[in-house]
Amino acid sequence: MMKARHFWMWLAAVMLGCVPAAGAEGTGWTDRFALSGWVETIQSMRVASPHEPLTSRQWGRLKLSADLGDFFGFVSVDAERNWEISEETGFDRHEAWLEYAAEGWDMRLGRQTIIWGKADGVQITDIISPPDYIEYVTRDLDEIRMPVDAVKFRLLGKHIDTELIWIPVFKAAVQPSGDNPWALQSDLPKDVQITSAEALTPATSLGNSEIALKVSAFFSGIDAAASVFYTWNDYPTRYRHVESDGEITLVCLAPEHHRLTVFGLEFSRPWSEFVFRGEAAYYKGCHYETKGITDNPLKKDAIKWLLGVDWNPGHDWTVIAQLTGATIFDYEPTLSDSEHSPMVTLNISKKLLRQTLTLSNMFYYRVDDDSVFDRLKAEYALTDNFHLLAGADVFYGPENGTFGQYRDNTQTWVKVRYSF
């Protein structure tokens, strides 16, 4: 907390120090600052009996930006009251960064959200900002991505951009646990007990930094990029320490994060009413869970890929179709994950009533385990600032399927958002 306060004081001092005095030639200092944000409330209800709420929260974000000539500063703060997940209640600094832009290069320092890739609703190379799955996948991807404390440096050329990112402090993904309604409970044999230690996270040091490099090329009719990310796995590997007294088997889980190197490729190509997109990422050093309760995870390499097409036929229709998948190399049948995990996604949206009403449906189908996640949404703009939303999150499939295991959490929801 003390380090956070020091950073805020330093950022404010830099921002204010770069602002010319009021009445000086040019823009006054009050015109260089912009304050905006939003507040929203969302309430959901489980479709299955006894129809209790799964989501019940009020959430707001206040954003302050400052245009300081060659410098640009940005700070955002979140406030939340959550009645279903109490640990989410409170205040949090979301982003806080300072950017310097020069001829042919720029640099951004501070807490920031970094987005890579070409996918829609799926993360292949988009892994710089770790995910927050506190409510599984029912939040929008913009809410799932968590900002990281980083330095981002870019060289901007006519046809080629080079991006270098240094992340000195590791940040793990967030998963539901405890009495969170999105935390899954495992059925254990009566003679097995499981305990878990705190996850062992990398210490903050230069040697434990994360580094990413991306080179993007922009040519006539096609964009392409290649990247490498030397990182830590966002999810800890859960090693087992097993003891038995003949009647009870005690399994102690010792979670630990491991180094991971990800090599990525991506492209996009517009043609007529279509945009064709693709991504691929080779994950070197993954660790996968095994089916046996007492068996330790296994280290394997894997590849994830995506091919997609966007279609804009006019009349305010948008159709985005994707085929994605993952393959584990040197596969062993003892692994909990499938060797091949293909998935199909389809996102269809239509604007009505002079573009004040948007109807959309984001559909995910996992081919390997025959499970479905379908997110239906209607958004009506009562005014430019005041929006009413309603929808449903539908989970279907076998109880051990990727999405089917959440079928009892199929929910309907309503949301009210005011932006300023």
Side-chain angles (χ1 to χ4, degrees), residues 34-48 51 53-63 76 78-84 113 115 118-123 126 132 135-145 268 270 272-275 277 308-322 343-365 372-396 403 406 409-420:
L35 189 66
S36 61
W38 47 260
V39 291
E40 69 175 30
T41 181
I42 179 170
Q43 184 73 38
S44 78
M45 182 184 70
R46 181 183 269 129
V47 173
H51 312 298
L54 290 173
T55 301
S56 181
R57 58 185 167 96
Q58 292 179 344
W59 188 17
R61 178 170 295 164
L62 186 64
K63 299 182 288 185
S76 62
D78 287 356
E80 180 174 343
R81 177 66 171 94
N82 196 311
W83 286 271
E84 294 300 318
T113 302
I115 302 173
K118 305 292 185 181
D120 174 50
V122 180
Q123 293 175 290
D126 184 21
D132 180 354
E135 292 179 338
Y136 190 43
V137 293
T138 59
R139 295 186 179 185
D140 293 334
L141 191 54
D142 288 342
E143 301 173 32
I144 289 175
R145 292 187 190 94
S268 65
S272 185
E273 300 172 345
F274 303 91
V275 176
R277 298 175 286 103
V309 58
D310 304 357
W311 180 36
N312 294 283
H315 303 289
D316 293 319
W317 281 95
T318 301
V319 180
I320 303 174
Q322 299 177 140
M343 182 172 68
V344 177
T345 75
L346 182 62
N347 188 353
I348 301 176
S349 65
K350 166 67 172 174
K351 293 183 181 294
L352 302 165
L353 304 179
R354 297 183 179 180
Q355 299 187 332
T356 60
L357 175 64
T358 302
L359 304 178
S360 63
N361 185 15
M362 183 68 184
F363 178 84
Y364 299 78
Y365 173 59
V372 168
F373 170 50
D374 194 12
R375 183 167 177 83
L376 302 101
K377 183 171 68 173
E379 180 172 355
Y380 179 67
L382 194 61
T383 68
D384 290 342
N385 304 96
F386 193 62
H387 287 214
L388 306 177
L389 301 92
D393 299 322
V394 180
F395 297 91
Y396 176 79
F403 301 124
Y406 293 98
N409 279 12
T410 291
Q411 63 177 352
T412 58
W413 54 267
V414 293
K415 180 192 292 187
V416 179
R417 170 178 281 220
Y418 177 75
S419 303
F420 56 90

Please enumerate all residues that pass side-chain hydrogen bond (donor to acceptor under 3.5 Å, both in side chains) together with [X], with sequence neighbours excluded.
| X | value |
| --- | --- |
| Asn312 | Thr318 |
| Asp132 | none |
| Ser56 | Gln43 |

To the nearest 0.5 Å, what is the distance between [atom1] on [X] and [atom2] on [Y]?
| X | Y | atom1 | atom2 | value |
| --- | --- | --- | --- | --- |
| Ile144 | Glu135 | CD1 | CD | 9.5 Å |
| Phe395 | Tyr364 | CZ | OH | 10.5 Å |
| Phe403 | Asn409 | CZ | CG | 14.0 Å |
| Tyr406 | Thr138 | OH | OG1 | 10.0 Å |
| Trp38 | Phe420 | CH2 | CZ | 9.5 Å |
| Leu141 | Met362 | CG | CE | 9.5 Å |

Only distances under 3.5 Å count here; give the side-chain donor-acceptor pairs of residues 343-357 to other protein atoms, sequence neighbours excluded, each with its distance to 0.1 Å.
from	atom 1	to	atom 2	distance (Å)
Thr345	OG1	Gln322	NE2	2.8
Asn347	ND2	Asp120	OD2	3.2
Lys350	NZ	His315	O	2.5
Lys351	NZ	Thr358	OG1	3.3
Gln355	NE2	Asp316	OD1	2.9
Thr356	OG1	Leu353	O	2.6

Is the shortest side-chain heavy-atom distance between [X] and [Y] below 4.5 Å?
| X | Y | value |
| --- | --- | --- |
| Arg139 | Ile42 | no |
| Val416 | Leu388 | yes |
| Thr55 | Trp413 | no |

Any idea which heavy atoms bring Lys118 and Ser268 closest together, and the distance?
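That closest heavy-atom pairing would be NZ-OG, 3.8 Å.
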I'd like to know if Arg46 and Glu84 make a salt bridge, using a cut-off of under 4.0 Å between side-chain N and carboxylate O.
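Between Glu84 and Arg46 there is no salt bridge, as every charged N stays at least 4.0 Å from the carboxylate O atoms.
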Does either side chain, that of Trp59 or that of Glu40, offer a donor lying less than 3.5 Å from an acceptor on the other one?
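Result is no, nothing qualifies.
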Within a 6.0 Å radius of atom CH2 on Trp83, are there more than 12 heavy atoms belonging to other residues, nucleotides or ligands?
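Atom CH2 in Trp83 is crowded, with more than 12 foreign heavy atoms closer than 6.0 Å.
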Using side-chain contact (heavy atoms from CB on, under 4.5 Å) as the criterion, list what pairs up with Asp374, not counting sequence neighbours.
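Expected list: Asn361, Phe363, Val372, Leu376, Val394.
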Pairs flagged by side-chain hydrogen bond (donor to acceptor under 3.5 Å, both in side chains) wherever residues 381-396 is involved - sequence neighbours left out:
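Non-adjacent pairs meeting side-chain hydrogen bond (donor to acceptor under 3.5 Å, both in side chains): Arg375-Asp393, Glu379-His387, Asp393-Gln411.
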Are the side chain of Thr41 and the backbone N or O of Gln58 linked by a donor-acceptor pair below 3.5 Å?
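The answer is no, because no donor-acceptor pair under 3.5 Å joins these two groups.
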